[in-house]
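Encoded as structure tokens, the structure appears first; notes follow it.
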Amino acid sequence: MIQQTRQVYNVVVLGSGPAGLTAAIYAARANLNPLVIDGSQPGGQLMITTDVENFPGFPEGIMGPALIENTRQQAKKFGSEFLYGQVTQVDLDERPFKLVLDDNKEICAKTIIVASGAKANLLGLDSESKYMGFGISACATCDGFFFKGKKVMVVGGGDTALEEAIFLTKFAASVTIIHRRDEFRASRILIDRVKSHSKIDFILNSTVEEFIGNGQKLTGVKLREKFTQKVKDVKCDGVFVAIGHSPNTSIFKDKINLDSNGYILTGNKTTHTSVPGIYACGDVQDSSYRQAITAAGTGCMAAIDAERFLQEHD
Ligand code: NAP
């Protein structure tokens, strides 16, 4: 049974990565007493990141989880409330908006800031789920360390795949990039770097047909060549799947305007969505920059947009 709370929040923030937490800091400092709903991965993708070296203000770098914890404390200090849980339904037809959580609690909000982020795409093979965490990973910065002196593969041909391949050369003995075409989608500078790297080689026009293992851990992959359709087994100790991300927007499908890849569409130079009073920030509306600092920047914008909406309508 759905349990309704009496309180109507000025601002409910969905997600607690850099975008959501920055929105919370700004909304709290504007005396809007925001509620942050943590989401499926509290802290977001930075929680599975080691050193963050490009966040301004930390010349020595900072660990991803420490950056999140500091930002969370900052949001709390100004009066943000936090609720552990995940929103499973939204009703945007009436105001205040209604959100239902996974424990059936219902929350009412005058404005919503969507900062629910994105998650890594996977190939979807049964053998992939079987060996995920046992040789297969979707995050080189999190798991690269475990492959010291090993032979690893990276699947994908975008910036993420190539960046992960370069990062993995710090640990692995060799890194093979498996790409389904013969051309990379990644930026020129990364292509040049991987091509000239002594530890990196390529298998092009090939897809992973199956992950092979001994029941306990991954031992190799079965690859299919696109033109000859020939299948071959290649031994390796680890595979990093880096084939893009998908935004966490399923609850907003047919409720607010999304692009063809499911990212929330925002108005020119603002965080406005197609529904007045709903704002989007961070990776859930950005398939291009995907940086902690850009997420934080748009989080700030979303809080200002929500505050302006409340000033005009409340
Ligand atoms: P992406 O650009 O969408 O690239 C995904 C790659 O995975 C593509 O090469 C794609 O192949 C391949 N792929 C997709 N589905 C596949 C499947 N089922 N099987 C095999 N291969 C598959 O994703 P991304 O690399 O994560 O980058 C996302 C965005 O973030 C981009 O705009 C990127 O520029 C940006 N980014 C920037 C930086 C940076 O500037 N430092 C770093 C990371 C990401 P096809 O090429 O054949 O489609």
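Along the sequence shown, the residues carry numbers beginning at 1. Note that the structure is predicted; figures quoted are calculated from it, not measured. Indexing begins at 1, ligand by ligand and atom by atom, following the structure's order.
- Using bins of under 30°, 30° to 60° and over 60° for the plane-to-plane angle, the ring pair Phe58/Phe55 lands in the tilted bin.
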Using a 3.5 Å cut-off on N/O to N/O, what pairs does ligand 1 make with the protein? A line per pair would be great.
| residue | atom | partner | partner atom | Å |
| --- | --- | --- | --- | --- |
| ligand 1 | 9 (O) | Gly157 | N | 3.0 |
| ligand 1 | 9 (O) | Gly158 | N | 3.3 |
| ligand 1 | 11 (O) | Arg180 | NE | 3.1 |
| ligand 1 | 11 (O) | Arg180 | NH2 | 3.4 |
| ligand 1 | 25 (O) | Asp159 | N | 3.3 |
| ligand 1 | 25 (O) | Thr160 | N | 3.0 |
| ligand 1 | 25 (O) | Thr160 | OG1 | 3.1 |
| ligand 1 | 26 (O) | Thr160 | OG1 | 2.6 |
| ligand 1 | 30 (O) | Arg290 | NH1 | 2.8 |
| ligand 1 | 32 (O) | Ser287 | O | 3.3 |
| ligand 1 | 34 (O) | Asp159 | OD2 | 2.5 |
| ligand 1 | 41 (N) | Glu163 | OE2 | 2.5 |
| ligand 1 | 46 (O) | Arg181 | NE | 3.4 |
| ligand 1 | 46 (O) | Arg181 | NH2 | 2.8 |
| ligand 1 | 46 (O) | Arg185 | NE | 3.0 |
| ligand 1 | 46 (O) | Arg185 | NH2 | 3.4 |
| ligand 1 | 47 (O) | Arg180 | NE | 2.9 |
| ligand 1 | 47 (O) | Arg181 | NE | 2.7 |
| ligand 1 | 48 (O) | Arg180 | NH2 | 3.0 |
| ligand 1 | 48 (O) | Arg185 | NE | 3.4 |
| ligand 1 | 48 (O) | Arg185 | NH2 | 2.6 |

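- For residues 34-47, every residue pair satisfying the salt bridge (Lys or Arg N to Asp or Glu O under 4.0 Å) rule, not counting sequence neighbours, is listed here: Asp38-Arg72.
- Arg224 meets the salt bridge (charged side-chain N to carboxylate O under 4.0 Å, His left out) test with Glu209; sequence neighbours excluded.
- For Gln73, the side chain to side chain contact (heavy atoms under 4.5 Å, CB included) test picks out Glu69, Lys76, with sequence neighbours left out.
- The aromatic rings of His179 and Phe184 sit parallel, their planes meeting at an angle under 30°, below the 60° perpendicular limit.
- Salt-bridge formation is not detected for the pair Arg290/Asp286: no Lys NZ or Arg NE/NH1/NH2 atom is positioned less than 4.0 Å from an Asp or Glu carboxylate oxygen.
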